Every structure is written in C-alpha cells, then in structure tokens.
Amino acid sequence: MILKRKFYERETLTVARELLGKLLVHESDEGLTAGKIVETEAYMGPEDKASHAYGSLRTKRTEAQYGPKGHAYIYFVYGMYYCFNVTSGRTPGKPEAILVRALEPVSGLEIMKKRIANSKGSAINLTSGPGKLCMAMGMSTKQNGADLCARPLHVDEGDKIRKAEIAQTTRINVDYADEWKNTPWRFFVKNNAYVSRPTRK
DNA sequence: TGCACGATTCTCT
DNA sequence: GAGAATCGTGCAA
C-alpha cells in the first residue's frame with residue numbers, strides 16, 4: 001500500500017520519525033529494489049542553517065524542496081555521491097525535507113550488489129549511508145522531483161516501529177551550521193545493524 | 001569567469 | 001583520526 005500524500009503534509013519532525021520502518025521501493029529497468037527505512041534526518045528549511053534552503057535560498061538545485069510534499073529531492077555532493085530526501089511539512093511551498101540516511105535491504109539484493117562495484121559482499125555495505133543507499137537503489141538526479149506517491153519510485157506501508165525502539169540524536173556532518181548542528185533532528189531504529197552510525201559522532 | 005567547499009565514503013595509519 | 005577522490009553549486013569579482 002503506497003503512502004498517501006497526506007502522510008507527508010504534516011509536521012516534518014513527525015514525518016521523519018514515522019518514516020522509520022516504512023518501505024522505499026524503486027521499480028527500475030534493472031528490476032525491483034526495496035529497503036526498510038531505518039535512519040532519517042529532518043531539515044527545517046529557511047531557519048535551519050544546515051539546510052540547503054537556509055535563508056529561503058531557491059535555485060535550480062533546491063527547487064524540488066519548494067514543490068509539493070511527498071516528492072523526491074535528490075542532490076549531488078562531494079563530486080561523487082547522491083543523497084535522497086523526501087519533501088514534507090504542513091506549510092505548502094515551505095522548503096522542508098527529510099534526508100534518508102540508511103535502509104535495511106528487503107528485495108533486489110543482487111541488483112544492489114551489482115550497482116555497488118566495490119561492495120565486499122556484505123549487505124551492510126549496500127545501504128548503510130546516504131551515498132551508498134542511492135547507489136544501491138539506483139537513484140540519481142534523474143529521480144529528482146519524482147512523486148513518491150506513485151510508481152516507479154514510492155514509499156510503502158511497512159513495519160510499525162515502537163517509540164521505545166527509536167533513538168534521537170543530533171545530525172551528522174553539519175558542523176558548519178553553528179547552533180543548528182546541535183538540534184536533535186536525527187532519528188534511527190535502535191540496535192539496527194544498517195544504521196550508518198549507531199551512536200553520535 | 002574563477003574558486004572554495006560540501007547533508008560522503010574509503011583507505012591507510 | 002586524517003586525507004584523498006572529484007565536480008556541481010553559490011557567491012565574489
């Protein structure tokens with residue numbers, strides 16, 4: 001069952017937390033790959049210095065964040081990796097997004113391994129980090145702006161994660177964001193082997 | 001037009 | 001724990 005638009009049109013921090021346990025599915029030409037979301041980070045738009053949309057910065061790159069909720073915002077970093085985000089929030093047109101940092105592979109393992117040339121064979125190395133997960137799922141800027149409420153790229157109803165199983169910490173690699181680097185806007189499933197960094201840096 | 005840098009990952013120490 | 005790989009983007013000039 002594909003999640004409805006309404007799921008994303010709520011408080012971004014709530015969506016970020018409830019995204020844990022949901023299933024990200026990509027039906028590509030090479031076949032179907034899917035993974036359970038086990039780690040997310042919320043980026044709160046204009047006020048959040050760690051966000052690309054800080055100060056309401058609106059460019060070709062950040063455009064997708066200003067569009068409808070429940071769409072993909074995918075960008076290129078460090079000259080070699082992509083990061084996958086979901087747009088969300090209660091206010092239409094406000095650039096809030098949720099970075100998906102880690103997945104637990106569910107189907108299409110062989111396709112994922114094929115996509116990651118340097119994989120050492122361990123499933124842990126396929127989707128435990130924002131750059132790797134995009135590679136494994138076959139996502140790139142081609143999917144930027146794609147509607148996640150429809151195929152081929154969408155989010156399905158998955159496991160219900162109990163509150164006690166959810167950990168909340170500060171975000172990763174946003175040291176440049178002054179006081180915003182200390183905001184506890186990262187969520188992940190406790191004791192899940194696929195989380196990129198089980199504890200705070 | 002030029003230039004510094006990043007919502008990362010891997011390798012080596 | 002530090003450094004390299006590698007290039008699109010944003011901002012200064």
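Computed from a predicted structure; not experimentally measured. Protein chains get the first letters and strands the later ones, always in sequence-line order, with residue 1 at the start of each.
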### Task
Give none if B:dA7 has no partner; otherwise give the nucleotide forming a Watson-Crick or G-U wobble pair with it, both distances under 3.5 Å.
none
### Message
Mind checking if A:Arg101 touches a base, just sugar-phosphate, or nothing, with heavy atoms under 4.0 Å?
### Response
sugar-phosphate
### Query
Can any side-chain N or O of A:Thr141 pair as donor or acceptor with the backbone N or O of A:Asn144 at less than 3.5 Å?
no
### Message
Quick test of the criterion, 5.5 Å between centres and less than 30° between planes. Is A:Tyr43 stacked on B:dA7 or not?
### Response
yes
### Task
Go ahead and name the base partner of C:dT6; Watson-Crick or wobble counts if both distances stay under 3.5 Å, otherwise write none.
none
### Task
Would you check if A:Met137 and A:Met112 make a side-chain contact, meaning some heavy-atom pair closer than 4.5 Å?
yes
### Task
Give the nucleotide from the list C:dA5, C:dC11, B:dA7 with an atom nearest to the side chain of A:Tyr176.
B:dA7
### B:dG2 and C:dT6, which share atom name P, separated by this distance in whole Å
22 Å
### Message
Using a 5.5 Å cut-off between ring centres and planes within 30 degrees, is A:Tyr81 stacked on the base of B:dT8?
### Response
no
### Task
Check every atom of C:dC11, B:dA7, C:dC7 against the side chain of A:His52 and return the nucleotide holding the closest atom.
B:dA7
### Query
Looking at CG of A:Leu126 and OG1 of A:Thr33, how far apart are the two atoms once the value is rounded to the nearest 0.5 Å?
11.0 Å
### Spacing between A:Leu133 atom CG and B:dT9 atom P, to the nearest angstrom
9 Å
### Message
Expressed as a whole number of angstroms, how long is the span from A:Arg61:CZ to C:dT9:C1'?
### Response
6 Å
### Message
Counting the atoms with a prime plus P, OP1 and OP2 as sugar-phosphate, which does A:Gly79 contact under 4.0 Å by heavy atoms, base, sugar-phosphate, or nothing?
### Response
base
### Task
Could you tell me whether a side-chain N or O of A:Arg101 sits under 3.5 Å from a main-chain N or O of A:Gly129, the two making a donor and an acceptor?
no
### Message
Ignoring hydrogens and geometry beyond distance, is a side-chain donor-acceptor pair present between A:Ser128 and A:Ser196 at under 3.5 Å?
### Response
no
### Task
Check every strand shown and say whether A:Lys132 touches a base, only sugar-phosphate, or nothing at a heavy-atom separation below 4.0 Å.
sugar-phosphate
### Query
Quick one: which of B:dA7, C:dA5, C:dC7 gets closest to the side chain of A:Leu99?
B:dA7
### Message
For a quick check of understanding: with a heavy-atom distance under 4.0 Å over all strands, which category does A:Ser196 fall into, base, sugar-phosphate or nothing?
### Response
nothing
